[in-house]
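One structure is given here, and the rest of the page talks about it.
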Amino acid sequence: MTPRIIATGSALPERIVTNDDLSRKMDTSDEWIRTRTGIRERRISEDDGKEKLLKLSVRAAEAAIAMAEADGAFSREEIGLVLVATCTPDMAFPAMACRLQDALSLPQVAAFDLSLACSGFLAALDTASAYIESGRCRTALVVGGDVMSRMLNWDDRNTAVLFGDGAGAVILSADERFIAACTGGNTAEEKSADEKAADAFRPRFALHSDGGGEAALYCKAMYFNENEPESEHMDGRKVFEFAVRKVPEVIGEVLRLAGTDAEDISLFVLHQANYRIIEAVAKRLKRPIEKFPHNIERCGNTTAGSMPILLDELNREGKLRRGDVLCLSGFGAGLSYGAAVLRW
Ligand code: ACO
């Protein structure tokens, strides 16, 4: 069965924090943040992270479910797998996915979280695709979201200015109608054409981790030291250099797997960590920057939320056309990196 994204949703906190707001709290400036990262503002949960990820995940998932239901051919009862990618869950357990399942009154199907920081959404999408392709389920709800503000050190200008809070959701479904609409027919020849089409429409994934990058990007589990809250540590330059080298490499790998070229990609939906990283990847792939949509200027780095939030914005703005071939790529702690090619 060939999985396809049939609906998207996203949710951001109400509160906008501008670069000028931050420069009143710490030794930084709008000019520094804008020119080094492209970020102008970000959304921060109320009470600096106490607003729960569950609240954002429910809003994002409900928006995706409503979009799928508007199509008339979908009911939430069909959801056969619930995945949440996050590194800032509200609780150590139960998993966010189980609590989301309860909040949305979903069937009693498999529900679990995946933790791979900024690459988390890609890992969850890969897992959901594998479930659908193997016939384990037909429809999956995949949420990526983080409330990074709860683990930031607001005195550390090196990291605090980079992140925002938010969640995005997609519904991935085995879509035989999509393939039938492109081919159709019952003869042996037509069936073989169907199979070829199914293969061409199959999403492809490449996911890696070098596993040795802990020193470049880490945050200890919160329970390690209650008296001294843990916060994120990052060697920004190292992560920057890693991203600029590895993202084009893994995109090349997944394009080869999909049997396609960078020229055939309608849009490259990259993890939103730094606009300069996006520019550098576009340059290395020799593709125009217009092919690389971005919302980092408004959202900052929303970690596992970044790709599904951007996908939802593009979808709702009518910028994704059926049949478009998209390339997604994420990178982050691990150091981990990955890419996907999928047909809209
Ligand atoms: N305001 C003003 N000055 C600052 C700020 C700030 N907010 N932050 C750092 N500086 C200073 C530094 O202290 C340094 O000063 P110094 O030269 O006196 O020591 C100077 O600015 C230059 O610092 P650089 O590291 O050279 O700045 P750079 O151009 O590399 O940009 C940045 C830094 C934006 C962090 C960049 O390296 C980057 O984006 N890296 C990738 C980050 C990333 O993708 N992280 C993913 C994490 S997501 C996850 O998986 C959880």
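First listed ligand is number 1; within each ligand, the first listed atom is number 1. Everything numeric in this text was worked out from a predicted model, so none of it was measured.
For R321 and D324, the salt-bridge test passes: some basic side-chain N is under 4.0 Å from an acidic carboxylate O. In summary, E14 and R43 do not engage in a salt bridge, as defined by a charged side-chain N under 4.0 Å from a carboxylate O. Here E41 does not pair with R34 in a salt bridge; the nearest charged N to carboxylate O distance is not below 4.0 Å. Comment: R204 does not engage D126 in a salt bridge, judged by the lack of any side-chain N to carboxylate O separation of less than 4.0 angstrom. Salt bridge present: E249 and K246 bring a charged side-chain N and a carboxylate O closer than 4.0 Å.
Close contacts between ligand 1 and G332 involve ligand atoms 50 (O) [criterion: under 4.0 Å to a heavy atom]. Atoms of ligand 1 lying under 4.0 Å from any heavy atom of T28, numbered from 1 in the order shown and given with element: 1 (N), 2 (C), 6 (C), 7 (N). When each atom of ligand 1 is checked for a heavy atom of T37 under 4.0 Å away, the hits are 34 (C). Counting the atoms of ligand 1 from 1 in the order shown, those under 4.0 Å from a heavy atom of V161 are 7 (N). Heavy-atom proximity to A273, at under 4.0 Å, picks out these atoms of ligand 1: 44 (O). Close contacts of ligand 1 with E232, meaning ligand atoms under 4.0 Å from a residue heavy atom, involve 51 (C). Interface atoms of ligand 1 facing F163, defined by a heavy-atom separation under 4.0 Å, are 47 (C), 48 (S). Residue N274 approaches ligand 1 through these ligand atoms, each under 4.0 Å from one of its heavy atoms: 34 (C), 36 (C), 38 (C), 39 (O).
Within a 4.0 Å radius of atom 8 (N) of ligand 1, the protein contributes at least one heavy atom. Within 4.0 Å of atom 43 (C) of ligand 1, at least one protein heavy atom is present. Within 4.0 Å of atom 16 (P) of ligand 1, not a single protein heavy atom is present.
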For residues 105-120, please give each side-chain donor-acceptor pair under 3.5 Å, one per line with the distance, not counting sequence neighbours.
residue : atom : partner : partner atom : Å
D113    : OD1  : M96     : N            : 3.2
D113    : OD1  : A97     : N            : 2.8
D113    : OD2  : M96     : N            : 2.7
S119    : OG   : G332    : N            : 3.4
S119    : OG   : S336    : O            : 3.4
S119    : OG   : S336    : OG           : 2.8

Could you go through residues 259-269 and list every donor-acceptor pair under 3.5 Å that involves a side-chain atom there, pairing it with any protein atom two or more places apart or in another chain?
residue : atom : partner : partner atom : Å
T260    : OG1  : D264    : OD2          : 3.1
D264    : OD2  : D261    : N            : 3.4
S266    : OG   : V325    : N            : 3.3

Practice prompt. Give the intermediate values and the outcome of side-chain hydrogen bond (donor to acceptor under 3.5 Å, both in side chains) for residues Q272 and N301.
Written response: CA-CA 6 Å; Q272 306 284 295; N301 178 350; over 6 Å; no
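Side-chain atoms of T86 come within 3.5 Å of backbone atoms of G145 as a donor-acceptor pair (strictly under, hydrogens ignored).
Taking hydrophobic clusters as Ile, Leu, Val, Met, Phe, Trp and Tyr residues chained together by side-chain heavy-atom distances below 4.5 Å, V341 shares a cluster with V281.
Residue A243 places every heavy atom at 4.0 Å or more from ligand 1.
Shown are F331, F205, F242; of these, the ring pair (Phe, Tyr, Trp, His ring centres under 6.0 Å) with Y337 is made only by F242.
The shortest contact between atom 22 (C) of ligand 1 and any protein heavy atom is with R36 NH1, 3.6 Å. Of all protein heavy atoms, the one closest to atom 13 (O) of ligand 1 is R157 NH2, 3.2 Å. Protein heavy atom closest to atom 47 (C) of ligand 1, with residue, atom name and distance, is L217 CD2, 3.7 Å.
A heavy-atom distance below 4.5 Å is not found between the side chains of I278 and N274.
An N or O contact shorter than 3.5 Å links G236 to ligand 1 by distance.
Ranked by closest heavy atom to atom 5 (C) of ligand 1, the top entry among Y275, W32, F242 is W32. Compare M26, R276, R237, M234 by their heavy atoms: the one nearest to atom 45 (N) of ligand 1 is in M234. Nearest to atom 49 (C) of ligand 1 by heavy-atom distance, out of A117, S29, C118, is C118.
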